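Here, residue 1 is the first one in the sequence, and each next residue gets the next number. The structure displayed is predicted, hence computed values, not measured ones.
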Amino acid sequence: MKYTSQNIIDSPNHNTIFMTWNFTNNEQMVSVFKRLCALVKNLNNSAQARSLDENKASVVLGISHNAWLKLQLPQPLPKELTVFNPIKGAKHTAVSTPADLHLHIRAANHSNCFDMATSITQLLSTVAVCTNEIHGFRYWDGRSILGFVDGTENPIGADRVKFGIVDSEDKEYKGGSYLFVQKYVHDLKAWNDLPVSEQEKVIGRSKAHDIEMSDEEKPDNSHSALSNVGDDKKIVRDNMPFGNISTNEMGTYFIAYARTFETVNLMLTRMFIGEPEGNYDRILDFSIAKTGTLFFCPSLNQLDDFFS
């Protein structure tokens with residue numbers, strides 16, 4: 001049987017809305033969830049029909065471990081779908097926060113994102129509450145609010161499928177993907193107080209031209225040194241910056257699709273615990289993880305099964 005994935009390997013777009021939801025009405029949630037699966041497929045089909053390639057819009061649905069059980073979805077569960085365990089380092093913690101569903105909405109035009117989020121909210125708000133809504137945007141030439149290009153090590157082409165989509169190692173869930181998200185809030189005052197040369201040591205790359213430092217000059221606690229776990233272990237990142245100027249909440253929404261969550265967990269362990277232990281990622285001194293949740297994004301075939 002051929003499995004069709006959700007729009008997981010789409011490239012990051014100019015506008016994004018991320019939403020996490022927790023169920024509040026157990027009596028109606030199964031019927032509403034079935035309608036949500038149908039709505040997600042309908043929104044994607046409609047976006048494909050109405051938009052030119054350069055304006056491509058899409059939405060991806062992720063389901064957490066606890067929601068999978070609440071909704072009585074097929075068992076056994078995807079092999080690595082569990083409740084995310086916090087990773088506590090000597091100084092920083094990758095927190096674990098509860099959420100049932102995750103919606104990742106992408107479009108070149110913010111109007112598309114807004115309309116899709118509105119349709120989803122009209123349906124879900126009858127049985128769930130939105131616990132997080134982040135409006136991400138493309139900042140200059142793919143940079144984060146910290147001013148450095150984000151996602152340079154992202155796989156491209158066929159490698160996005162290779163590293164982002166579950167294959168025969170879990171045949172029941174082939175075509176799906178593990179989804180891990182974190183909302184990071186940056187201390188921009190402390191960051192901007194650093195000279196550019198020091199910022200570059202934190203990241204391990206040049207700020208202006210996005211050139212990686214040589215192994216000899218790159219600090220072993222730099223972000224690029226610790227977050228890179230090997231060319232054979234990559235994830236598909238769709239990180240987006242966000243910001244509220246009046247409240248001074250500026251940050252990065254970290255979002256990773258992966259064939260195996262083990263890769264994401266290894267990366268986070270190196271960042272928060274350190275390699276060796278105690279040698280943690282220095283970017284964490286300026287970026288605080290406020291959320292952390294693991295989801296699974298079933299294939300479109302399975303979404304069909306869920307609402308049929």
Side-chain angles (χ1 to χ4, degrees), residues 6 8 16 18-24 29 33 60-104 128-134 136 163-166 169-170 172-173 176-185 223 226-229 233-240 242 251-275 277 280-281 283-284 287-298 302:
Q6 294 190 63
I8 289 158
T16 303
F18 305 102
M19 306 179 85
T20 55
W21 292 81
N22 279 336
F23 289 119
T24 57
M29 69 178 179
F33 174 75
V60 176
L61 169 64
I63 307 163
S64 73
H65 172 272
N66 287 347
W68 198 282
L69 298 180
K70 291 178 189 177
L71 294 164
Q72 299 180 335
L73 297 179
Q75 296 202 25
L77 279 65
K79 290 181 179 179
E80 295 183 79
L81 182 58
T82 61
V83 175
F84 174 61
N85 289 319
I87 299 175
K88 297 181 179 181
K91 187 173 181 180
H92 302 290
T93 299
V95 297
S96 175
T97 50
D100 287 325
L101 303 176
H102 186 278
L103 280 304
H104 178 194
V129 60
C130 183
T131 55
N132 216 3
E133 178 182 334
I134 300 294
F163 293 111
I165 306 296
V166 173
E169 67 274 6
D170 194 353
E172 294 297 319
Y173 296 100
S177 182
Y178 292 94
L179 164 65
F180 183 74
V181 299
Q182 292 174 302
K183 174 187 174 182
Y184 283 94
V185 174
H223 181 60
L226 288 171
S227 64
N228 188 343
V229 295
K233 295 184 178 70
K234 289 185 177 291
I235 58 176
V236 176
R237 294 177 177 87
D238 274 344
N239 300 356
M240 292 292 275
F242 64 89
T252 298
Y253 197 86
F254 171 71
I255 174 167
Y257 291 106
R259 179 171 176 171
T260 170
F261 179 63
E262 180 183 359
T263 298
V264 184
N265 206 49
L266 174 60
M267 183 186 73
L268 294 172
T269 300
R270 286 170 56 91
M271 288 176 60
F272 284 84
I273 302 296
E275 182 61 40
E277 186 172 344
Y280 66 86
D281 190 335
I283 199 174
L284 298 176
S287 303
I288 301 172
K290 297 290 188 179
T291 68
T293 316
L294 175 63
F295 303 89
F296 189 78
C297 304
Q302 284 201 304

K.L.:
Are side-chain heavy atoms of N132 and T291 found at a separation under 4.5 Å?
P.N.:
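Yes; the side chains approach each other to less than 4.5 Å.
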
K.L.:
Between S64 and D100, is any pair of side-chain heavy atoms under 4.5 Å apart?
P.N.:
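S64 vs D100: side chains touch.
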
K.L.:
Indicate the atoms forming the closest heavy-atom contact of P76 with Y173, along with that distance.
P.N.:
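Closest pair (atom of P76, atom of Y173, distance): O-OH, 2.6 Å.
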
K.L.:
Is there a donor-acceptor pair under 3.5 Å between the side chain of S177 and the backbone N or O of G164?
P.N.:
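Pair found, side chain donor or acceptor close to backbone of G164.
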
K.L.:
Side chains of T252 and S287: does their closest heavy-atom pair fall under 4.5 Å?
P.N.:
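SC-SC contact between T252 and S287 ruled out.
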
K.L.:
What's the shortest heavy-atom distance between A94 and Q182, and which atoms?
P.N.:
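Heavy atoms only, the tightest pair is CB-NE2, 3.8 Å.
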
K.L.:
Any side-chain to backbone donor/acceptor pair from S96 onto P86? Under 3.5 Å, distance only.
P.N.:
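No, S96 side chain to P86 backbone: no donor-acceptor pair under 3.5 Å.
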
K.L.:
Can you see which heavy atom on N22 is nearest to which on P98, and at what distance?
P.N.:
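For N22 versus P98, the nearest heavy atoms are ND2-O, 3.6 Å.
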
K.L.:
Would a 4.5 Å heavy-atom cut-off, applied to side chains only, mark F18 and M240 as touching?
P.N.:
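Side-chain contact under 4.5 Å: yes.
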
K.L.:
Pick one: which of Q6, R237, H104 meets side-chain hydrogen bond (donor to acceptor under 3.5 Å, both in side chains) with Y257?
P.N.:
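Of the listed residues Q6, R237, H104, the side-chain hydrogen bond (donor to acceptor under 3.5 Å, both in side chains) partner of Y257 is H104.
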
K.L.:
Just list the side-chain donor-acceptor pairs under 3.5 Å for residues 261-269, sequence neighbours left out, or say none.
P.N.:
unit_1, atom_1, unit_2, atom_2, d
T269, OG1, N265, O, 2.8

K.L.:
Is there side-chain contact between L226 and Y280, with at least one heavy-atom pair below 4.5 Å?
P.N.:
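No - every pair of side-chain heavy atoms lies 4.5 Å or more apart.
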
K.L.:
Within the distance-only criterion (no hydrogens, no angle test), does the side chain of K183 pair as donor or acceptor with the backbone N or O of G251 below 3.5 angstrom?
P.N.:
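Side chain of K183 to backbone of G251: no pair is present.
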
K.L.:
Under the side-chain hydrogen bond (donor to acceptor under 3.5 Å, both in side chains) test against T293, which residue among T20, T97, N66 passes?
P.N.:
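When side-chain hydrogen bond (donor to acceptor under 3.5 Å, both in side chains) is applied between T293 and each of T20, T97, N66, only T97 qualifies.
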
K.L.:
Answer yes or no: is there a side-chain heavy-atom contact under 4.5 Å between L294 and H65?
P.N.:
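They are not in contact (no side-chain heavy atoms under 4.5 Å apart), so the answer is no.
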
K.L.:
Mind checking whether L103 and V60 have side chains closer than 4.5 Å, heavy atoms only?
P.N.:
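Counting from C-beta outward, L103 and V60 never come under 4.5 Å.
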
K.L.:
So which atom in I63 and which in F33 form the shortest heavy-atom distance, rounded to 0.1 Å?
P.N.:
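Scanning both residues completely, I find the closest heavy atoms to be CD1-CZ, 3.6 Å.
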
K.L.:
Looking only at heavy atoms, what is the nearest atom pair of Y184 and F242, with distance?
P.N.:
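Residues Y184 and F242, closest heavy atoms: O-CZ, 3.6 Å.
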
K.L.:
Between A256 and I235, which heavy-atom pair has the shortest distance, and what is it?
P.N.:
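Closest approach of A256 to I235: CB-CD1, 3.6 Å.
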
K.L.:
Kindly indicate whether the side chain of L284, heavy atoms from C-beta on, has any atom under 4.5 Å from the side chain of M271.
P.N.:
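Counting from C-beta outward, L284 and M271 do come under 4.5 Å.
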
K.L.:
Would you say CG of L71 has more than 12 non-hydrogen atoms from neighbouring residues, nucleotides or ligands within 6.0 angstrom?
P.N.:
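Enclosed.
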
